[in-house]
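First comes the structure, then the notes that go with it.
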Number of protein chains: 2
Amino acid sequence: MSVSKTAAAEGGRMGKEGAEAGAEGLALQLGELSELLGYSLKRAQLKIFEDFLRCVAPLQLTPAQFSVLLLLDRNPGRNQTEIASTLGILRPNFVAMLDGLESRDLCARIRSANDRRSHILELTDKGRAVLARAKKLVASKHEARLNELLGPANRAALLAMLTKIAQEF
Amino acid sequence: MSVSKTAAAEGGRMGKEGAEAGAEGLALQLGELSELLGYSLKRAQLKIFEDFLRCVAPLQLTPAQFSVLLLLDRNPGRNQTEIASTLGILRPNFVAMLDGLESRDLCARIRSANDRRSHILELTDKGRAVLARAKKLVASKHEARLNELLGPANRAALLAMLTKIAQEF
DNA sequence: GATAATTGTTATCCACCATATCAAATACCA
DNA sequence: TGGTATTTGATATGGTGGATAACAATTATC
């Protein structure tokens, strides 16, 4: 297997990985690990989520909760199954999540008149307000920092490739 | 570092998201969610790990286990703390993981002569053999499929950006 | 009208992550 | 030298996410 070394060369701004000229133990070599896309993908994802949590900390929202609020705002009149499935959340696990949001008065379950099995989900006024504030924090702090690191064009290219992987892989 | 825009152009081939003209329930709109990098990042990561597991299924290796074997091969003479920390695994959680690998005779803990507290980790012959087979599977099935989807240049650019995020964000 | 399917829910299990703590061994230092 | 602090591997434990089975209420199917 022959792998181009260009990315490895661009990736690090130092010749060797983590060249800490410390006391005794030399830094470990990542080796082929730095060429494994899944490895970088996972580490990048952890960093991104970590930063997201920091940026939106005043609102106490996790990425998953934020995605639910976004989806409820954009898709009124949907029930739990529909919202959960489009987010890749299993119905049983979505119950506790909704309990959390509802107990904070960010959304509400409404018994449907047509189908009394299902609960229509809707944002409360407070939910809409929190979502609006969250959007601003995410845009001004989180995504802005990404744009600063990568540049708008690269950020767009990255998003497009990730979306492609998520959809077609 | 400049990244080609080809991926961004290829990314969206449809105007709206998921236009399924199904029976009754129209598809939900992701809305701003599709612009959230963390969302695509997470979904892409899940897909990649899923495919990795499929490709390397005959060897029964998880991505984390594969990364440990790679690291042991590249860095002989290291102890548990060193290996775990470079992978971002906490020492307590690394114990059970090593138990699994050691019980399958893929690696071994050797009491260090210099420092009798630490366990030097090394691959067994079987571990080296499994690692070699795993590398081939990953290259020929997993990474090859990624190259097919993105193209080598885009794949390299993606890796470079993810590495940058993981290191500098 | 009997049976099947759906919805929200509960219970339960497993993997992963994080912290506190411990005994053994080593490092440090007065 | 001896006493204290630090390090290493390990255990226990709790929290969180993800997955399946099962259930009552409701609706669809035939």
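The sequence lines fix the lettering, A, B, ..., with proteins before strands; numbering per chain opens at 1. Small disclaimer: the values here were computed from a predicted structure and weren't measured.
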Whole Å only: how far is the [atom1] atom of [X] from the [atom2] atom of [N]?
X         : N       : atom1 : atom2 : answer
Leu90(B)  : dG15(D) : CG    : C1'   : 14 Å
Arg116(B) : dT8(D)  : CZ    : P     : 16 Å
Arg109(B) : dT8(D)  : CZ    : P     : 16 Å
Glu82(B)  : dT7(D)  : CD    : P     : 13 Å
Arg111(A) : dT27(D) : CZ    : P     : 10 Å
Arg91(B)  : dC16(C) : CZ    : P     : 19 Å
Ile89(B)  : dA15(C) : CD1   : P     : 15 Å
Met97(B)  : dA10(D) : CE    : P     : 14 Å

Original post:
Which part of the nucleic acid does Asn114(B) contact within heavy-atom distance under 4.0 Å: base, sugar-phosphate only, or nothing?
Top reply: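 Result for Asn114(B) = sugar-phosphate.
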I want to verify a distance call: between [options], whose nearest atom is closest to the [X] side chain?
X         : options                   : answer
His119(B) : dA5(C), dA10(D), dA24(C)  : dA10(D)
Val95(A)  : dT9(C), dA25(C), dA5(C)   : dT9(C)
Asn79(B)  : dT26(D), dA19(D), dG9(D)  : dG9(D)
Asp115(B) : dA25(C), dC17(C), dT9(C)  : dA25(C)
Asn93(B)  : dA18(C), dT26(C), dA19(D) : dA18(C)
Gln80(A)  : dT6(D), dG9(D), dG8(C)    : dG8(C)
Thr81(A)  : dA10(D), dG8(C), dT8(D)   : dG8(C)
Arg117(B) : dT7(D), dA20(C), dT20(D)  : dT7(D)

If every non-hydrogen atom of [X] is compared with every non-hydrogen atom of [Y], which pair is closest and at what distance?
X         : Y         : result
Leu37(A)  : Ile48(B)  : CD2-CD1, 4.2 Å
Asn154(B) : Met161(A) : O-SD, 3.4 Å
Arg117(B) : Arg111(B) : O-NH2, 4.1 Å

**OP:** Between Pro92(A) and Ala113(A), name the one whose nearest nucleotide on DNA chain D is closer to the 5' end.
**Re:**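 Nearer the 5' end of the strand: Pro92(A).
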**OP:** Identify, between Ser118(B) and Ser112(A), the residue whose nearest nucleotide on DNA chain D lies closer to the 5' end.
**Re:**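 In this pair, the answer is Ser118(B).
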**OP:** May I ask you to check whether over 12 heavy atoms, not counting those of Arg133(B), lie within 6.0 Å of atom CZ?
**Re:**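 No, not enclosed.
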Subject >> Side-chain donor or acceptor of Glu82(B) paired with backbone N/O of Asn79(B) under 3.5 Å >> reply: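 The answer is yes, because a donor-acceptor pair under 3.5 Å joins these two groups.
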